[in-house]
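Heavy atoms only: backbone and side chains are in, while hydrogens, waters and symmetry mates are out.
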Amino acid sequence: MSDALLALEDGTTFPGSAFGAPGEAFGEIVFNTGMSGYQEILTDPSYSRQIVVMTAPHQGNYGVNADDPESGDIQVSGFVVREASRRPSSWRSEGSIDEYLAGAGITAIEGIDTRALTLHIRELGAMRAGISTTDLDAASLVERVRSQPGMEGADLAIDVSTDAPYAAADLVGPSVPRTGRVFRVAAYDWGLKRNILRLLARHGCEVDVFPALAPAETALQNGYDGVFLSNGPGDPAATTYAVETTRKLLKAQIPLFGICLGHQIMGRAAGGRTYKLKFGHRGANQPVVDLDSGRVEVTSHNHGFAVEAWGETPPSGGEEAPVVDTAFGRAALTHWNLNDGTLEGMRFLDTPAYCVQYHPEAAPGPHDSRYLFDRFLDLMEMA
């Protein structure tokens, strides 16, 4: 007999077995196609208020440890897997995924046909859902799921941001100069992942991290060489303070690099629009073409919103990046998703700024896109 129930807002339910903490979890249900990296997924602030379904059937095989988290806490609302490993095997393991979730008070469910569930989400789209170990009445749980808030219009970046500024070196160690010069960078935390800070440090950046509501003047009046705009959860259209801050930074022509939500915020600041994808991109296997180089990169994603392409259409092969007029001059639409034609990155031509929708810092991988950190250094060197 099942001791946990997963319910979707369309009325579909999946009985299963509980692991992690007893209780209930509510959020938008999404799926991730990565075969590894579950601890990074669990701790990624971009998953705030989401229930994550893992499509790979076995999760927890190599356990968990204190080195791999992308933040200080588990960020997902709930977790859904086909089977959770009870006996992790790795020299790095310091505990099981069951213990890890239970210790954080996160309710999870296994024994679910995650293939059928993923196909359901692909067909009908991401939707509200709930996991319960206490309310196993399908009609009751579905009704409660339908009373939960949706993701559109949700400003969640402010909820996951740091409360106070801090030096990244205190968290990830000192910077390692690439050419003898250390670049001072101000990073806006809208859901910042730790591996971004690690890679910025390894590329010679001394980073100070600031809360979501920090004004643009924080970066502009303190001698920083560049500004990083982080990933994060929620609807970019609701994150109006971040858009206004980015407008001021673009106008000031300080070097800017944005990832994920940072890309969406930069797009909106430049006069573009964002929209909600049907089921989003989440996983470590999305093919993206960089029209500047002609290379196709295998990339890691975690986003449910995207930037409209100013009326441009995806490339059919071989052409140069289309150039569009924005509120801050021209921008080349450089990166495109080869699965669905989504705009994945842009490079401004009249101000030192660029951004990508995906995660070049991806941990545990892939690492095809780490050259983007070098581009940030190049911008700061030329400024």
Side-chain angles (χ1 to χ4, degrees), residues 1-44 47-64 73-88 95-148 150-151 279-280 282-283 302 304:
M1 182 177 179
S2 65
D3 58 3
L5 184 66
L6 168 67
L8 311 185
E9 69 173 277
D10 70 345
T12 306
T13 58
F14 294 82
S17 299
F19 72 108
E24 295 185 323
F26 295 93
E28 180 185 55
I29 193 162
V30 299
F31 62 86
N32 186 294
T33 58
M35 295 185 69
S36 62
Y38 50 81
Q39 190 174 6
E40 291 88 343
I41 291 166
L42 289 170
T43 55
D44 182 349
Y47 281 115
S48 176
R49 223 172 76 186
Q50 290 182 320
I51 295 172
V52 179
V53 181
M54 299 300 293
T55 61
H58 296 149
Q59 299 295 325
N61 295 5
Y62 52 87
V64 297
D73 299 293
I74 293 181
Q75 303 286 345
V76 303
S77 294
F79 203 48
V80 182
V81 303
R82 181 69 181 91
E83 183 177 347
S85 172
R86 296 300 191 268
R87 298 176 62 188
S96 72
I97 193 171
D98 182 29
E99 295 166 337
Y100 191 55
L101 291 164
I106 303 298
T107 302
I109 187 171
E110 65 172 332
I112 296 289
D113 185 343
T114 50
R115 179 173 180 173
L117 176 55
T118 299
L119 291 172
H120 189 80
I121 297 169
R122 281 181 59 91
E123 181 178 350
L124 298 180
M127 64 185 79
R128 293 169 294 179
I131 304 170
S132 181
T133 65
T134 58
D135 184 358
L136 302 183
D137 180 89
S140 170
L141 188 56
V142 167
E143 191 60 33
R144 294 172 61 217
V145 165
R146 290 171 177 167
S147 70
Q148 301 299 312
M151 191 59 68
F279 49 81
R282 297 174 182 88
N302 175 15

Exercise for the section: Considering non-hydrogen atoms only, spot the tightest contact between T33 and G283 and give its length. Expected result: OG1-CA, 3.4 Å
Handout entry: Validation row: V30, Y47 side chains within 4.5 angstrom (heavy atoms)
Key = yes
Exercise for the section: Look up atom OG1 in T133 and atom CD in E24, then write down how far apart they are to the nearest 0.5 Å. Expected result: 7.0 Å
Practice task
Could you go through the side-chain contact (heavy atoms from CB on, under 4.5 Å) check for I74 and F79 one step at a time?
Solution key: CA-CA 11 Å; I74 293 181; F79 203 48; over 6 Å; no
Problem - L8 side, atom CG; I29 side, atom CD1 - distance, nearest 0.5 Å - result: 5.5 Å
Exercise for the section: Write down the atom of A56, the atom of G34, and the distance for their closest heavy-atom approach. Expected result: CB-O, 3.9 Å
Problem - Spacing of L101 atom CG and F19 atom CZ [to the nearest 0.5 Å] - result: 5.5 Å
Practice task
Find out whether F26 and L141 are in side-chain contact, i.e. whether some heavy atom of one side chain is under 4.5 Å from a heavy atom of the other.
Solution key: yes
Exercise for the section: Determine the minimum heavy-atom distance between S17 and A4, stating which atoms define it. Expected result: C-CB, 4.0 Å
Fill in the blank from the handout: For A25 and G78, the nearest pair of non-hydrogen atoms, with its separation, is CB-CA, 4.0 Å
Problem - Over 12 non-hydrogen atoms of neighbours within 6.0 angstrom of CZ in R87 - result: no
Completion exercise
For P15 and I112 the tightest heavy-atom approach is O-CD1, 3.5 Å
Practice task
Would you indicate whether the side-chain heavy atoms of L42 and Y100 approach each other to under 4.5 Å?
Solution key: yes
Fill in the blank from the handout: Output for pair (T107 OG1, I109 CD1), nearest 0.5 Å, gives 10.0 Å
Practice task
Please report the shortest heavy-atom distance between G20 and D98, naming the atom on each side.
Solution key: N-OD1, 2.7 Å
Handout entry: With D113 via salt bridge (charged side-chain N to carboxylate O under 4.0 Å, His left out) - residues at least two apart
Key = none
Practice task
Step through it carefully: locate the ring centre of Y62, locate the ring centre of Y38, and say whether they are under 6.0 Å apart.
Solution key: yes
Exercise for the section: Go through the structure and list residues passing side chain to side chain donor-acceptor pair (under 3.5 Å) with E143, not counting sequence neighbours. Expected result: none
Exercise for the section: Compare all side-chain heavy atoms of M54 with those of I41 and state whether any distance is below 4.5 angstrom. Expected result: yes
Exercise for the section: Would you confirm whether R49, through its side chain, and G150, through its main-chain N or O, come within 3.5 Å as a donor-acceptor pair? Expected result: yes
Handout entry: Flag side-chain contact, heavy atom, 4.5 Å: L6 against L117
Key = yes
Exercise for the section: Taking R146 for its side chain and E9 for its backbone only, find out whether a donor-acceptor pair lies under 3.5 Å. Expected result: yes
Handout entry: Atom pair CG/OG1 of L5 and T13 - distance to nearest 0.5 Å
Key = 5.5 Å
Completion exercise
side chain to side chain donor-acceptor pair (under 3.5 Å) filter on D10, not counting sequence neighbours, yields T12, H120
Practice task
Drop me the distance from M151's CE to S48's OG, to the nearest 0.5 angstrom.
Solution key: 7.0 Å
Problem - Any side-chain heavy-atom pair of Q50 and V76 under 4.5 Å - result: no
Problem - Side chain proximity check, Q75 to D44, heavy atoms < 4.5 angstrom - result: no
